[in-house]
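Here's the structure we're looking at; comments come further down.
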Amino acid sequence: MKVEARILVVIGIFFGIIALVYWFTSYEDAGFLMLIGATFLGLFPGAYYLWWSHHMKPRSEDDPTATIEGGSGQIGTFPGSSIWPFIMGMGATATVLTFVFGLWLAPIAGALVLSALIGATVESRRGGTI
Amino acid sequence: MYRAKAPSRRLLTALLVAAPLVLAACNQPSYGASRGATTQGQDTFKLWSAMVTIGIVIGGIVAVLILWSVFRYRRRSEEMPKQFHENVPIEILYTVLPIIIVGFLFAFTVLTENNVDATVAAGATVTSTGKPVVDITVTAFQWGWRFDYPGLNVGVAGTTTHGPDNHGPQMVVPAGQTVQITLVSDDVVHGFYVRDFNFSRYAQPGVTNVFDLTVIHTGTYDGQCTQFCGLYHSDMLFSVRAVTPAGFEQWASSEVAAGNTLQAAGAGAGSSASNTPPPNTRQYHSNAAPAPSTKPKALA
Amino acid sequence: MTTTVERPELLTPEPAGGPDAHGPGAHGPGGAAPEHAHHEGPSGIVNWLTSTDHKVIGKSYMITSLVLFFLAGVMALVIRAQLMEPNSSVVSYQTYNELFTMHGSLMLYLFAGPFAFGGLANYIVPLQIGAPDMAFPRLNALSYWLYLGGSITMLSGFLVAGGAASFGWVAYAPLSNATNSPGAGADLWLMALALTGFSAIFTGVNLVATIFYLRAPGMTMFRMPIFTWNMLVTAILILIAFPVLFAAVVMLFCDRHFGTHIFSVQGGGSPILWQQLFWFFGHPEVYILALPYFGMVTEVIPVFSRKPLFGYRGMVFATMSIAALSTGVWAHHMFTTGVVLLPFFSLLSYLIAVPTGIKFFNWIGTMWRGQIAFAVPMLFSIGFLFAFLMGGVTGVLLASPPIDFMTHDTYFVVAHFHQVLVGTAVFAAFAGFYFWYPKMFGRMLRESWGKLHFWSLFVGFWVCYTPQYLLGLHGMPRRIATYAPDTGWTTLNVISTVGAFIMGASFLFFFVNLVVSWARPVPAGSNPWDGHTLEWFTTSPPPHHNYTHLPPIRSERPTWDYNHPEHRTVITHRTPGAPPDQPKELTGAPS
Ligand SMILES: [Cu+2]
């Protein structure tokens with residue numbers, strides 16, 4: 001996890017430097033703020049992973065000497081199939097079309113999004129990741 | 001080891017070949033570009049020509065290396081090639097060398113850029129060579145151009161929604177004198193571009209751009225809007241005519257006499273940000289109706 | 001319905017495996033029937049609608065984006081037909097403006113990106129790191145449905161009154177406001193970007209999580225295949241760039257319908273802000289479109305040269321620095337606005353040439369002293385090298401503000417970015433497609449039709465775009481629907497159009513290839529190319545959840561090491577704790 005964390009931290013530091021250089025050479029606010037956004041995008045998860053990499057159990061995927069047998073066990077639980085992403089996708093499409101064609105589409109959009117949210121939640125309670 | 005170093009040596013030789021080309025400004029190859037009808041355009045041309053030469057040399061080396069590896073090392077047997085995967089000195093070399101080349105190109109760019117962007121101080125009436133500065137305010141609009149000469153009380157405007165055969169309004173300038181252009185837009189973003197000046201600049205709402213042009217010889221130079229600006233973008237042509245300073249005076253007084261003054265031009269076509277083309281629009285390009293509507297395709 | 005996935009078991013290399021051992025299929029369990037026989041999912045249309053398998057979603061993405069690619073290609077042919085002669089009237093101005101807007105939008109937003117990160121990466125990345133699926137399979141499915149919804153939304157612009165959006169793929173304010181571009185077409189365009197933007201963000205999150213959390217034991221970060229590395233960097237770029245696009249789209253929509261004045265001078269706003277926001281997204285987007293394709297070529301070249309990648313670490317750092325720099329160069333699209341800081345953006349743009357050059361030399365170093373086989377994926381990769389070389393050199397020219405003033409918004413720029421994008425998103429994309437097609441469908445594409453496809457595309461490519469550089473230098477602006485005969489642009493335009501139609505025709509060979517290969521299948525086996533990376537270890541197509549067995553992972557090419565134990569990759573400096581029993585004589589430079 002240390003390599004992953006460092007990549008994100010370095011991204012944050014790089015954009016921090018670029019943001020400062022940009023600000024003090026141009027005093028242009030839009031670009032500066034977006035660069036600061038990119039800085040935080042690197043620093044927040046990077047700092048968390050860095051902290052976590054010192055506290056977590058060593059992972060076999062970070063160990064160059066790890067063996068396939070040594071890493072055996074359960075990877076995780078995966079959903080086999082689900083209709084809800086499709087319903088959600090159509091609901092999102094109907095939602096944006098409401099903005100273009102008018103409110104008459106809103107009930108359809110709302111119904112699709114709501115049923116997808118409920119359906120996916122119920123499905124998740126029976127186990128599995130998103 | 002010895003063989004793999006050859007490309008870098010070739011690169012060095014190439015640089016040595018390129019350097020005199022950069023210096024010998026007179027007979028630089030044009031590679032299809034204009035040599036520049038303004039002093040600023042000539043500066044840009046020198047940079048262009050030198051950089052294309054360097055680009056051809058470096059690109060050529062890389063292309064030869066690719067071709068060489070492709071033909072020399074094509075599979076002739078099932079023999080296993082040596083499984084090498086790195087050569088640190090060479091890797092460092094082809095990291096550092098490009099940084100040096102890039103630094104050189106950047107320095108050259110900045111020098112040229114300073115010349116191209118240099119403007120006579122705002123409000124100055126003469127240049128350092130003692131010649132008067134002609135101020136022109138260029139206004140781009142959908143779809144045409146307006147050229148105002150505040151010092152001379154002259155204003156010329158022209159709409160251009162007549163198809164590409166119409167060459168649009170003309171901006172007249174004195175040759176050999178610095179012209180300071182103030183570029184603005186009435187509506188959307190347009191692009192002021194004259195091919196022979198090797199120069200373009202956006203005309204934008206809310207932004208006033210100022211730049212200098214010094215046309216060297218008399219003549220007519222075609223210009224066109226380069227930034228897509230809506231339905232008749234393709235027709236947004238204009239031209240620049242450089243005349244002798246005496247001819248310029250003569251032209252200005254004849255325009256005033258003809259009533260093409262600042263107010264007249266301002267009140268003329270195109271000063272509004274309206275989307276509707278002027279009534280004299282000829283939509284000759286339409287393939288459907290012989291006498292098409294002058295309005296753009298019905299929009300909601 | 002959920003499945004709990006166990007780690008795959010180890011498959012030890014057979015000591016007698018010789019150089020002609022082609023894959024574990026010849027040796028046993030890797031090619032054996034998958035143990036997941038209990039997974040009896042739905043089939044047909046229901047499977048397509050409900051599948052959360054990254055392989056099914058990846059294929060859906062690829063098919064959808066290829067369909068959109070061909071639509072956009074047909075639009076390009078109409079555009080070239082219109083420009084073939086002066087004062088042409090193949091289409092009206094309005095139609096022309098809609099066509100080039102939709103051509104650019106389909107190619108950039110709906111084909112080049114989604115084909116790479118939704119299609120091939122979705123399929124290949126979990127395989128390359130030994131993962132059973134993406135980290136969030138249902139989010140992955142949602143990405144696809146948002147993408148499909150967005151694509152249909154964008155295309156439906158052609159059906160509404162007023163036609164599709166006609167302000168270019170960059171939608172500069174204030175041309176894109178409600179006064180200058182009224183009508184539902186523009187709104188549909190914006191909404192399509194919102195949907196596909198979220199689809200891209202979800203895919204980006206998914207790729208990062210998959211690469212961080214689902215690697216097989218021993219698959220350290222610096223043993224990941226370069227394609228996976230490039231997709232990780234691309235995913236991070238997506239997370240930096242697409243939220244900005246979404247914000248800009250929302251602002252523009254509010255300007256259009258809710259009375260805000262964010263981008264209008266009259267209300268105190270700033271049209272330049274749109275350009276800042278758009279290009280802060282738009283330039284990283286260029287690399288979001290390019291990096292996955294660099295990755296594909298980097299997978300293909302070593303396999304067909306029968307050598308490990310030259311300069312693996314340099315390649316990774318080059319990718320990262322290209323991505324980092326690409327986020328600091330957005331305003332090189334705005335040099336001619338006169339309001340941006342020229343030296344800053346110019347220097348950063350120039351610097352991108354350095355890591356790009358490193359990539360070129362690494363590709364050459366990989367081929368150097370190899371045994372290069374000219375299979376179709378390799379041909380497309382070499383085509384990419386030449387196309388991208390030309391596009392790259394002209395790109396360095398454009399990093400110089402004075403040269404940009406001279407060529408901005410002319411056909412010079414059109415030729416430049418088409419050579420870059422066709423080089424990556426067409427040549428490299430088809431290198432990847434021909435390379436991984438056997439893995440995805442378990443059958444080979446025909447080499448002969450593939451070669452016809454490549455050579456006609458390659459010829460058409462140069463005939464089409466080389467004249468456009470000259471047209472730009474002769475003063476032809478981009479996005480004009482027609483020009484006067486006395487401009488002298490006719491001959492070059494005719495040549496360019498002929499080239500475009502040759503390129504169009506080359507895809508007929510591709511279709512024939514698909515049909516012939518499907519009608520009379522040639523089984524691929526698990527490892528038809530003697531591949532290096534993990535995906536060639538499993539069956540073609542892989543079973544549900546991908547792996548029943550894995551080889552030991554001791555370098556960035558575990559499948560090769562398994563099949564060629566005597567030519568194993570031994571990279572001691574990269575794995576400080578590696579077991580000491582590895583032979584050392586195979587490392588190092590050629591003597
Ligand atoms: Cu215009």
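The basis for the numbers below is simple: all heavy atoms, side chains too, and nothing from hydrogens, waters or symmetry mates.
Taking the centre and axis of the six-membered ring of B:Y221, the NZ or CZ atom of B:R195 falls outside the cone set by 45° and 6.0 Å.
For B:V116, the part lying under 4.5 angstrom from a heavy atom of chain C is the side chain only. The contact between C:I358 and chain B is made by backbone and side chain atoms together, counting heavy-atom distances below 4.5 Å. In this structure, the portions of C:L175 lying under 4.5 Å from any heavy atom of chain B include both its backbone and its side chain. Of the atoms belonging to B:S77, heavy atoms from both backbone and side chain fall under 4.5 Å from chain C. Proximity to chain B (any heavy atom under 4.5 Å) is restricted, for C:F412, to the side chain, taken from C-beta onward. Only the backbone of C:S305 has a heavy atom closer than 4.5 Å to any heavy atom of chain B. Heavy atoms closer than 4.5 Å to chain C are found in both the backbone and the side chain of B:E113.
Screening B:L183, B:V138, B:V184 for a side chain to side chain contact (heavy atoms under 4.5 Å, CB included) involving B:N209 leaves a single residue, B:L183.
Residues B:F228 and B:H233 place their aromatic rings such that the two centres sit under 6.0 Å apart.
Using a 30° and 60° split on the angle between ring planes, C:F310 and B:Y94 fall in the tilted class, from 30° to 60°. Ring planes of B:F104 and B:F108: tilted class, angle from 30 to 60°. Between B:F211 and B:F199, the ring planes lie tilted relative to each other; the angle falls in the 30° to 60° range. Classified by interplanar angle (parallel below 30°, tilted 30° to 60°, perpendicular above 60°), the ring pair C:W368/B:W68 is tilted.
In terms of heavy-atom pairs under 4.5 angstrom with chain B, the leader among C:V396, C:D404, C:V354 is C:V354. In terms of heavy-atom pairs under 4.5 Å with chain C, the best-connected choice from B:D43, B:V110, B:V62 is B:V62. No other option in B:I56, B:V96, B:N115, B:L67 has as many heavy-atom pairs under 4.5 Å with chain C as B:L67. Highest contact tally toward chain C, considering only B:Q40, B:R76, B:M51, B:Q224, is held by B:M51 [criterion: heavy-atom pairs under 4.5 Å].
Here B:E79 does not pair with C:R306 in a salt bridge; the nearest charged N to carboxylate O distance is not below 4.0 Å.
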